[in-house]
2 protein chains.
Amino acid sequence: MDTLPQPEGTRLALIEAGLRLFGQQGFAATSVRQIALAAGANIAAIAYHFGGKDGLRLACAEEFGRRMSSAMTTSPGRPASTAAEARAALQDILRAMLGFLLGDRGAGALVPFMLRELAENGPGVDLVYRSFAEPTHSRLCTLWALASGHDPASTDTRLIVFTLIGQIMYFRIGQPVVTRRMGWDTYGPDQIDQIARQISRNLDAMLGFDPEG
Amino acid sequence: MDTLPQPEGTRLALIEAGLRLFGQQGFAATSVRQIALAAGANIAAIAYHFGGKDGLRLACAEEFGRRMSSAMTTSPGRPASTAAEARAALQDILRAMLGFLLGDRGAGALVPFMLRELAENGPGVDLVYRSFAEPTHSRLCTLWALASGHDPASTDTRLIVFTLIGQIMYFRIGQPVVTRRMGWDTYGPDQIDQIARQISRNLDAMLGFDPEG
DNA sequence: GTCTATAAACAGATAGAC
DNA sequence: GTCTATCTGTTTATAGAC
């Protein structure tokens, strides 16, 4: 069976520009003219390749899903079979999520696009869920259950994992508030490290783990 | 000295409609025609009263700040002078924040408007910060310091408080993801209670407090 | 203060040449 | 597949009557 064709040439350039501009400005605030200009393509190319602005948005969401799925499967993640290993794996994943969401490189246009789709409840939410939110949450549930001794499928476990994820996500979504209140210009490596250490301490506390012991 | 005049009549109706529609659809996706129609006013009234669409947006942000400041000063908040009282006050405030962000009544159009301004990094961010984010964070820092015995002005305290706030905010921002993963239709009283209890347990764990002891 | 009418710019979509 | 030119509708803003 064939795999979905990878976008290339003009088509890819338009998707690239769409991911970036939709993410930066939002869907409604971005015109197809602006996208075509940024992509070095003609305005009519959008209708030709995607049927219109809505089609381009969907193609961007599909490209997001493709890249995210690939990033998820190639991410390291040491295997965990004991509670201590699961705790270490949790720390790793939460740290990686923080770097992915707050770091200036790597994520590129993907994170802003994802957050816009989520905030606007756009047609890309479904792909964001399936390619990123669900796999991440599911994986964290398994590890949390192993680390804490609880049921991975229970309501409590799923809620706890969302509180873990929320701690991280907020530093991205509330960025203008956080940086202003902390007196930071932006999130540099030092700031990300400080945040990561705090989230790590919170996880230990929630697991009833005493790092001093 | 005079206080700022309270909007009334057409002016207030336009602000009310703006708060609601900007919050629901975003700034760029909302036309002044739509707002005038929803307010039962004439299209030209927006230019007359606010100078244009941007002016209306700012007036909405000012109204947001006014209502939020008033809600903040009238909110209960038992006085705390011991660590145990501070812990109880923290639980109260976090619970109230959750109800404010997730509940269908009370907040009304304010929460969606605030989140849109934040997501779009609009001109209202400054007022959101001064009227809501800063006072809330500041108050929580004081209580956390009292409950934990740490310095209220330290970097760690401020970061910890943001992790508390983030746990709550995410359940609103990530609502489509959370409800889907939890198998919930929406956030009802039962769901909010479950979330509140989990956040309460997390706070206890972070404070090193054992509810069984 | 509120209205109608309209201006001027812009949006997305498309026809048709190449 | 890519281009120019244009169509059609909508946007915000404004002029001017009342």
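Please read these numbers as outputs of a predicted model, since none were measured by experiment. Numbered from 1 within each chain, the chains take letters A, B, ... in sequence-line order.
Spacing between atom NZ of B/Lys53 and atom P of C/dA9 amounts to 19 Å, rounded to whole angstrom units. A straight line from CD1 of B/Ile35 to P of D/dA13 spans 11 Å, rounded to a whole angstrom. Rounded to whole Å, the distance from CZ on A/Arg57 to C1' on C/dG12 is 15 Å. Taking atom CD1 on A/Ile43 and atom C1' on C/dA15, their separation rounds to 14 Å, with Å as the unit. Atom OH of B/Tyr48 and atom P of D/dA13 are 17 Å apart (whole Å).
Ring planes of A/Phe27 and A/Phe22: tilted class, angle from 30 to 60°.
In this structure, B/Asp185 places its CG atom where only 12 or fewer heavy-atom neighbours from other residues, nucleotides or ligands lie under 6.0 Å away.
Neither OP1 nor OP2 of C/dC10 sits under 4.0 Å from any side-chain N or O of A/Ser31. Between A/Asn42 and D/dG1 there is no side-chain N or O to OP1 or OP2 distance below 4.0 Å.
Using a 4.0 Å cut-off between charged side-chain N and carboxylate O, B/Arg197 and A/Asp156 make no salt bridge.
Among the nucleotides C/dA13, C/dT2, D/dC3, the one closest to the side chain of A/Arg33 is C/dA13.
Note: A/Ile192 CD1 to A/Gln194 CD = 11.5 Å, rounded to the nearest 0.5 Å.
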